[in-house]
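What follows is one structure encoded as structure tokens, with my remarks underneath.
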Amino acid sequence: MNNLEKQSINAIRFLSVDAINKANSGHPGLPMGAAPMGYELFRNHLKHSPKDSGWIDRDRFVLSAGHGSMLIYSLLHLFGYKVSIDDLKNFRQWGSLTPGHPEFGHTDGVETTTGPLGQGVANAVGMAIAERMLANRFNRDSFNVIDHMTYVISGDGCLMEGVALEAISLAGHLKLGKLVYLYDSNDITLDGPKSLSLSEDMKGKFESCGWHYIKVENGDTDVEALRKALDDAKQVTDKPTFIEVKTTIGFGAPNKQGTSSVHGSPLGEKEANLAKENLGWPVEPFYVPEEVRRDLNAFAEKAHENKLAWDAMFDKYSNEFPELAAEIKAFMDQKPEEGWESALPEFKTGESVASRKSGGMVLNAVANEIPWLVGGDADLSCSTLTYMSEKGSFDGTTGAGRNIHFGIREHAMGAIANGICYHGGLRPYTATFFCFADYMRPAIRLAALAKLPSIFVFTHDSIAVGEDGPTHEPVEHLASLRAIPGLKVIRPSDATEVKAAWKFIMEYLDGPVVLVLSRQNLETIDRTEYAPAEMLEKGGYVLADAETPEYIIMATGSEVGLALDVKKAMDSVNIPVRVVSMPSFELFDAQSKEYRESVLPLAIRKRVSIEMGSSFGWQKYTGLDGLNISVDKFGASAPSGKVIAEYGFTVTDIVRRIKEI
């Protein structure tokens with residue numbers, strides 16, 4: 001390691017230490033130990049342009065161990081991204097561009113929102129999948145317009161999480177040769193030595209999962225070994241590469257290095273100064289040598305030349321393949337052409353079809369019109385009906401095929417879909433049974449936090465699952481997902497609302513959407529008699545009305561048809577009822593006060609909700625005088641009709657209860 005490299009690495013270390021000390025909060029251990037691999041990667045291997053952080057053919061970098069966020073902030077600052085020294089000084093402060101854990105879309109150069117351990121490991125697999133898919137579609141001889149790597153820095157905690165092993169297994173199976181993990185192997189976790197909780201053979205683990213394994217014995221100072229390892233990794237194209245880098249957590253801090261005390265607590269001024277003296281560094285806070293600034297400023301200029309060279313190549317590509325060039329822009333924008341929805345199927349009034357089945361029909365029509373739609377399921381396509389016909393199975397080597405076989409790996413599936421979104425250029429969906437949303441919740445939550453347009457399809461949506469019993473019958477799931485800020489949850493009532501839902505989803509790019517579908521058949525509502533299904537975009541709408549309604553009945557999904565039957569029964573005894581289809585709380589709540597009042601007038605206090613799930617959340621619509629016909633206990637195993645009847649979801653039972661209000 002020459003002096004300039006040493007100075008640059010120490011600048012990364014001590015900018016991190018100083019920012020954490022100033023905030024009196026943070027994790028200095030990882031930035032101090034992983035600074036050499038971060039520097040080597042950014043300086044000599046990562047294809048990037050700090051002047052244009054959105055360049056589509058840049059290499060992607062994921063700091064999966066997001067608690068070590070000052071590592072990436074220091075790197076971004078020194079390498080010329082829009083992260084100033086003042087931003088470093090405001091680490092973890094209100095309104096800062098340097099929050100406690102990295103946030104996508106918030107800080108220039110941050111590719112993923114990380115912190116919950118293991119998520120970044122799986123996100124990177126999604127990025128590598130996206131690169132392969134786009135390269136297969138758009139590259140031509142002499143024009144590799146999509147040709148980049150995905151790199152990850154992870155720690156012990158990331159690799160202990162179940163989501164990581166799911167993702168690692170799939171990445172090896174798919175032979176994603178342009179994916180490289182750098183493992184900060186420092187033998188320490190927050191509670192103490194790694195040996196308290198982990199003793200597995202990393203080499204054997206990764207090789208058995210189909211990865212190429214490299215070990216760097218001294219990641220603290222041996223930059224040459226890091227360089228060789230990364231060079232070697234790029235030469236292995238038939239499998240992903242795992243580089244175990246042995247480091248010392250908190251390297252340089254004489255009283256704390258190599259201990260758990262440096263993992264998640266500031267060094268403090270005294271220990272920080274001792275560390276600086278130990279590594280020959282001035283004690284001045286936020287010090288960066290001029291020669292380091294000059295070198296990395298020059299690097300930023302040179303790096304941008306790679307982007308300009310790509311621009312020139314793309315100009316030639318555009319001249320030779322104008323249609324493909326236009327397609328690339330369309331894939332990045334993801335805005336369907338006007339009138340695209342005319343290709344979606346029509347459904348006959350009275351036709352009885354499960355919304356999972358109509359969902360599959362609409363999905364396939366969407367896939368024919370929207371080439372950037374990709375996705376798959378957790379080994380359940382025969383039940384979720386979410387396989388895209390004639391679109392092929394994804395081949396991780398060539399990138400061909402749009403159907404991704406995630407296997408029974410729900411958590412990784414969600415996080416990988418998020419990674420595809422982070423990458424850009426493709427719109428992913430996933431599918432599984434609704435009760436398994438629990439396995440995906442961290443990924444769904446992060447999609448909402450990062451405003452990713454991931455699509456999560458869930459079928460088998462209620463106690464109507466029947467014989468499979470309470471383990472497979474969702475009860476609390478609708479309420480729990482509705483509680484996630486920024487997540488749109490849609491439960492359509494019939495095939496026409498399913499069609500309207502997919503139209504909304506494909507034109508909505510501001511965050512994730514959950515689409516909840518039935519296993520049992522639902523009768524297609526007569527839209528000449530009742531309100532049009534396109535009203536779904538309002539979230540809630542008056543489906544059927546009375547001249548002066550005395551009651552309002554609200555329902556979602558399969559229970560909307562039941563609500564209409566209840567209305568007919570009450571009409572027959574001259575009790576006027578309004579039926580409101582409420583497919584999405586979030587969309588309804590976003591409407592104007594005037595619109596919401598027109599649907600749910602405050603003057604009508606006799607309100608009823610019907611939903612085969614938890615009553616939690618309905619009270620804001622039904623009020624103190626309202627009735628919530630719901631399932632506030634677990635389901636039961638029996639034929640679906642029997643379960644539904646025993647739980648009181650019949651016209652007779654509901655009319656009786658309504659009259660008791």
Side-chain angles (χ1 to χ4, degrees), residues 16 19-20 23-34 38 60-76 83 87-88 90-127 150-167 181-184 186 188-191 249 260 262-266 411-412 414-419 421-423 439-452 454 484-487 511-512:
S16 302
I20 292 166
N24 196 29
S25 176
H27 299 72
L30 184 144
M32 296 179 77
R60 270 51 171 190
F61 169 68
V62 177
L63 180 64
S64 185
H67 58 275
S69 57
M70 268 312 306
L71 172 66
I72 192 169
Y73 298 148
S74 296
L75 286 165
L76 293 173
V83 178
D87 292 325
L88 301 189
N90 285 322
F91 177 57
R92 290 193 165 203
Q93 304 308 299
W94 179 264
S96 168
L97 290 178
T98 49
H101 292 83
E103 296 179 25
F104 173 76
H106 185 75
T107 309
D108 185 43
V110 169
E111 302 276 14
T112 50
T113 296
T114 56
L117 295 176
Q119 291 291 317
V121 168
N123 294 157
V125 175
M127 292 176 167
T150 301
Y151 296 96
V152 179
I153 288 181
S154 68
D156 293 306
C158 291
L159 300 181
M160 288 189 213
E161 292 285 0
V163 63
L165 184 53
E166 290 180 24
Y181 288 179
L182 289 154
Y183 166 38
D184 180 32
N186 57 39
I188 296 293
T189 64
L190 182 57
D191 272 355
I249 191 169
S260 61
V262 78
H263 173 93
S265 300
H411 194 173
I416 288 168
N418 289 347
C421 281
Y422 283 128
H423 182 279
Y439 287 160
M440 299 175 65
R441 188 173 309 278
I444 295 172
R445 182 177 188 271
L446 283 173
L449 176 61
K451 299 181 180 179
L452 302 175
S454 300
I484 298 176
L487 178 66

Nearest 0.5 angstrom please: [X] [atom1] to [Y] [atom2], how far?
{"X": "Leu449", "Y": "His106", "atom1": "CG", "atom2": "NE2", "result": "10.5 Å"}
{"X": "Ile444", "Y": "Leu452", "atom1": "CD1", "atom2": "CG", "result": "12.5 Å"}
{"X": "Asp156", "Y": "Asp184", "atom1": "CG", "atom2": "CG", "result": "7.5 Å"}
{"X": "Gln93", "Y": "Ser25", "atom1": "CD", "atom2": "OG", "result": "8.5 Å"}
{"X": "Leu446", "Y": "Met440", "atom1": "CG", "atom2": "CE", "result": "12.5 Å"}
{"X": "Thr107", "Y": "Asp87", "atom1": "OG1", "atom2": "CG", "result": "8.0 Å"}

query: Are a donor atom and an acceptor atom from the side chains of Ser454 and Asn418 found within less than 3.5 Å of each other?
result: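 A donor-acceptor contact under 3.5 Å links the two side chains.
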- request: Would you kindly say whether Thr114 and Thr112 are connected by a side-chain donor-acceptor distance under 3.5 Å?
  value: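 Distance-only check fails for Thr114 and Thr112.
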Please give me the minimum heavy-atom distance between [X] and [Y], naming the atom from each residue.
{"X": "Pro102", "Y": "Ile72", "value": "CG-CG2, 4.2 Å"}
{"X": "Gly68", "Y": "Leu63", "value": "O-CD2, 3.5 Å"}
{"X": "Thr189", "Y": "Met160", "value": "CG2-CE, 3.7 Å"}
{"X": "Cys158", "Y": "Ala164", "value": "O-CB, 3.0 Å"}
{"X": "Ala448", "Y": "Pro485", "value": "CB-O, 3.2 Å"}
{"X": "Phe104", "Y": "Val110", "value": "CD1-O, 3.7 Å"}

field: By side-chain contact (heavy atoms from CB on, under 4.5 Å) - contacts of His27 (at least two apart)
entry: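 His27: side-chain contact (heavy atoms from CB on, under 4.5 Å) contacts with His67, Arg92, His263.
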message: For Ala412, give me all partners under side-chain contact (heavy atoms from CB on, under 4.5 Å), at least two apart in sequence or on another chain.
response: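 With neighbours one apart ignored, the set is Val163, Glu166, Ala167, Arg409, Ile416.
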Are the side chains of [X] and [Y] in touch, meaning some heavy atoms are under 4.5 Å apart?
{"X": "Asp191", "Y": "Ser260", "value": "no"}
{"X": "His411", "Y": "Glu161", "value": "no"}
{"X": "Met70", "Y": "Leu88", "value": "yes"}
{"X": "Leu30", "Y": "Leu71", "value": "yes"}
{"X": "His101", "Y": "Thr113", "value": "no"}

message: Can a donor-acceptor pair be found, under 3.5 Å and without considering hydrogens, that links the side chain of Tyr181 to the backbone of Val121?
response: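 Looks like yes, one N/O pair under 3.5 Å.
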field: Any donor-acceptor N/O pair, Tyr73 side chain to Ser16 backbone, under 3.5 Å
entry: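 Not a single qualifying donor-acceptor pair exists.
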message: So for atom OH, which belongs to Tyr439, do other residues, nucleotides or ligands contribute more than 12 heavy atoms lying within a distance under 6.0 Å?
response: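 No, not enclosed.
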query: For Asn90, what residues pass the side-chain hydrogen bond (donor to acceptor under 3.5 Å, both in side chains) criterion, not counting sequence neighbours?
result: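 Listed in chain order: nothing, the list is empty.
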